[in-house]
Amino acid sequence: MSVSSRSEGPCCRRTTTQGRRTRFVLTTLNVRLLPDGHVAAKAYGRPVAGGRGGYTSFRVPDRPELMRLIDAAATRASALWAGHRGPA
């Protein structure tokens with residue numbers, strides 16, 4: 001499940017990745033369920049300074065508002081999967 005936000009969205013923040021010292025505009029969070037039941041998330045965005053044309057992945061910043069967004073996405077996905085009705 002992908003949770004996206006436009007530039008006016010609350011999760012669109014400028015952040016510095018931990019290893020690269022590059023500032024990115026966070027635009028997308030991808031959330032997935034691991035086989036052990038835990039949730040994994042990855043952040044994607046574009047460098048603030050420009051350069052690379054495509055999205056770049058980086059670690060999700062440790063921010064409470066992003067953790068709440070990831071939790072909400074996982075909860076919503078869980079509800080949708082629980083209500084599935086089989087193949088169409």
Side-chain angles (χ1 to χ4, degrees):
M1 177 174 189
S2 177
V3 178
S4 296
S5 173
R6 301 286 181 232
S7 60
E8 68 275 8
C11 80
C12 234
R13 316 265 180 183
R14 290 188 179 189
T15 186
T16 303
T17 62
Q18 300 237 339
R20 302 180 206 169
R21 301 284 187 225
T22 302
R23 293 183 64 79
F24 291 92
V25 175
L26 172 61
T27 56
T28 305
L29 291 172
N30 287 332
V31 181
R32 63 189 175 103
L33 182 64
L34 299 175
D36 66 1
H38 288 92
V39 172
K42 189 167 240 183
Y44 291 86
R46 296 185 185 279
V48 172
R52 296 183 224 171
Y55 284 119
T56 300
S57 67
F58 52 94
R59 228 169 99 159
V60 175
D62 188 19
R63 295 187 179 161
E65 70 271 19
L66 295 177
M67 297 305 122
R68 285 190 300 271
L69 183 64
I70 291 167
D71 184 63
T75 300
R76 174 73 175 135
S78 172
L80 291 172
W81 274 105
H84 80 86
R85 293 176 271 165

Which pairs would a plain distance check flag for residues 35-42, meaning a side-chain donor or acceptor within less than 3.5 Å of a matching protein atom at least two apart in sequence or in another chain?
residue, atom, partner, partner atom, Å
D36, OD1, H38, N, 3.0
D36, OD1, H38, ND1, 3.1
D36, OD2, H38, ND1, 3.1

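- Using modelled atom types, one side-chain atom of T75 and one backbone atom of D71 make a donor-acceptor pair closer than 3.5 Å.
- Once rounded to the nearest 0.5 Å, the distance linking OH of Y44 with CG of L26 reads 12.0 Å.
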